[in-house]
Amino acid sequence: MKNKRRKFLKESLKTSFGILLGADVIYENFLPKNMLPIAILEDIVFSSLPGKSDLLKVLNDRPINAETPPHLLNDMLTPNNLFFVRNNGIPPENIDPKNWSIKVEGESAKSSKVYTINSLKENFDVVSRNLTLECGGNGRKEFNPPAKGNQWSTGAVGCAKWTGVRLKDVINDVGIKGNAVYVGYYGSDTHLSGDPNKNTISRGVPIAKALEAESMIAWSMNDQDIPLLNGYPLRLVFGGYPASCSGKWLSKIVIRDRVHDGQKMSGASYRIPCDPVAPGAKVKDEDLCIIEDMPVKSLVTYPKTGAIIKQNQTLPINGKAWTSSESISKVEYSINFGKTWSPCELSSAQNRYEWQAFSAEIKFEKVGYYEVWARATDSLGDTQPIILPGWNPKGYLNNACHRIAIKVEN
Ligand SMILES: Nc1nc2c(c(=O)[nH]1)N[C@H]1C(S)=C(S)[C@@H](COP(=O)(O)O)O[C@H]1N2
Ligand SMILES: [Mo]
């Protein structure tokens with residue numbers, strides 16, 4: 001089989017494995033005839049992401065997309081090198097933070113102003129907030145029929161301490177006309193095609209969201225510079241909304257008199273059927289609604305799935321729960337596939353949109369295979385579904401309960 005594949009590959013490529021690997025195999029002549037490069041056999045994505053741990057799971061290297069395994073999200077604040085990356089294009093190069101500036105303008109802006117990072121620091125209140133960012137497509141991998149796009153499992157989420165200024169202070173300084181509807185962003189990453197006139201992504205939020213006290217323009221993440229891949233030197237951060245609204249490498253903010261019409265604001269991008277549809281249904285663009293508030297969700301971050309414990313041991317579990325509503329009101333766990341649920345201890349958040357830690361001590365009566373499921377409920381009374389929630393064409397908003405596998409032995 002492998003021989004055949006090798007022969008086939010050799011013949012079809014006529015040259016070398018280099019084309020598939022993106023690099024010449026220097027000692028190809030010495031590679032035994034019945035062997036394939038391991039990178040081809042195992043479909044390895046090469047990566048060395050600047051500022052990132054190699055424990056991230058790289059889903060794509062052009063553009064870079066990498067997620068955090070659940071057991072590495074156990075910290076209250078996700079370390080910068082473990083924070084997920086979702087790029088639509090190529091980050092800017094040779095950034096000079098001293099001369100970085102953003103322009104704020106738009107049909108519904110009373111003026112047009114330019115701010116350097118220093119002038120933001122000097123002219124506005126500097127605030128820090130612990131805000132959870134989650135990609136709208138987190139959990140996409142589970143949808144069936146499958147949805148195109150990055151096959152995120154659970155790790156396109158993280159919570160960091162962001163330091164910067166309130167977006168509302170800046171847009172109020174520019175002045176907002178009465179007819180303002182939306183606030184959009186532009187970033188200085190480049191389109192994969194290299195075309196400087198094409199935007200990678202240019203999304204936005206309704207004016208009310210932009211004016212929320214927690215909506216920020218940030219230059220620091222966990223008291224350090226924001227990593228290049230997460231938007232250095234300046235980005236927007238909106239908790240509770242799809243992270244696609246949180247523009248990285250921020251270069252311009254527009255106050256709009258209409259729903260912002262930038263790249264990825266239209267078509268099926270970041271939209272779900274306004275009314276539920278059957279899995280696999282074709283949905284017309286006009287029947288899709290823009291995703292705003294993200295649903296309640298949680299993750300078990302300790303132990304790592306696949307843990308083994310002894311029958312006489314108690315298993316401590318830890319996790320994180322987050323919501324776009326005021327707060328998480330309870331988290332429960334089940335070890336019998338959702339037949340019964342028991343309460344977890346739950347910490348409170350320092351500010352809205354920070355995720356909340358939960359924990360429990362679990363006893364298992366018999367040896368065998370178990371699953372631990374976690375289910376969070378928020379202050380609106382919304383709770384996570386056990387099975388996949390509403391199918392949608394692009395695979396957004398999967399907030400089904402997280403499951404981990406546990407074996408109990410004698
Ligand atoms: N300029 C710019 N901003 C961007 C993106 C991008 O590709 N370019 N990706 C968006 C998407 S889809 C997500 S989920 C978040 C990811 O933020 P992170 O990479 O810091 O985790 O950034 C958003 N902001
Ligand atoms: Mo995203």
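None of these values were measured; they are calculated from a predicted model. Counting convention: from 1, in listed order, for ligands and their atoms alike.
Of all the heavy atoms of N230, the ones lying under 4.0 Å from any atom of ligand 1 are found in both the backbone and the side chain. Contacts between N88 and ligand 1, counted as non-hydrogen atom pairs separated by less than 4.0 Å, involve both the backbone and the side chain. At a heavy-atom distance under 4.0 Å, no atom of W152 approaches ligand 1.
The protein heavy-atom contact nearest to atom 21 (O) of ligand 1 is F84 O, 2.7 Å. From the protein, the heavy atom lying nearest to atom 15 (C) of ligand 1 is A243 O, 3.4 Å.
At a threshold of 4.0 Å, the pair E107-R258 counts as salt-bridged, since one of the basic side-chain nitrogens sits closer than that to a carboxylate oxygen. Contact check on K330 versus D378 returns no salt bridge, with no Lys/Arg side-chain nitrogen under 4.0 Å from an Asp/Glu carboxylate oxygen. By the 4.0 Å N-to-carboxylate-O rule, E332 lies close enough to R375 to be salt-bridged with it. A salt bridge does not link E212 to K168: none of the charged side-chain nitrogens sits closer than 4.0 Å to a carboxylate oxygen. Using a 4.0 Å cut-off between charged side-chain N and carboxylate O, D173 and K113 make a salt bridge.
For ligand 1, the atoms lying closer than 4.0 Å to a non-hydrogen atom of S246 are 22 (O), 23 (C), 24 (N). Interface atoms of ligand 1 facing C135, defined by a heavy-atom separation under 4.0 Å, are 14 (S). Annotation for ligand 1: atoms under 4.0 Å from non-hydrogen atoms of G247 are 3 (N), 24 (N). Every atom of ligand 1 is numbered from 1 in the order shown, and the set under 4.0 Å from a heavy atom of F83 is 21 (O). Atoms of ligand 1 lying under 4.0 Å from at least one heavy atom of V85, given by number and element, are 19 (O).
Relative orientation of the Y370 and F364 rings is tilted, given thresholds of 30° and 60° on the angle between their planes. The aromatic rings of Y396 and Y270 sit parallel to each other, their planes meeting at less than 30°, with 60° as the upper class boundary.
Heavy atoms of R235 approach ligand 1 to within less than 4.0 angstrom. Ligand 1 is approached by D189 to a heavy-atom distance shorter than 4.0 Å.
Rounding to the nearest 0.5 Å gives a distance of 5.0 Å between CD1 of I117 and CG of L234.
Below 3.5 Å of separation, one finds no N or O of G187 facing any N or O of ligand 1. Inclusion of N87 in the set of residues having an N or O under 3.5 Å from an N or O of ligand 1 is not warranted. For the pair Y270 and ligand 1, the shortest N or O to N or O distance does not fall below 3.5 Å. At least one N or O atom of K248 sits closer than 3.5 Å to an N or O atom of ligand 1.
No option in Y186, Y185, Y182 other than Y186 meets the ring-ring contact (aromatic ring centres under 6.0 Å, His included) test with H260.
By the 6.0 Å and 45° rule, K141 does not stack over the aromatic ring of W152.
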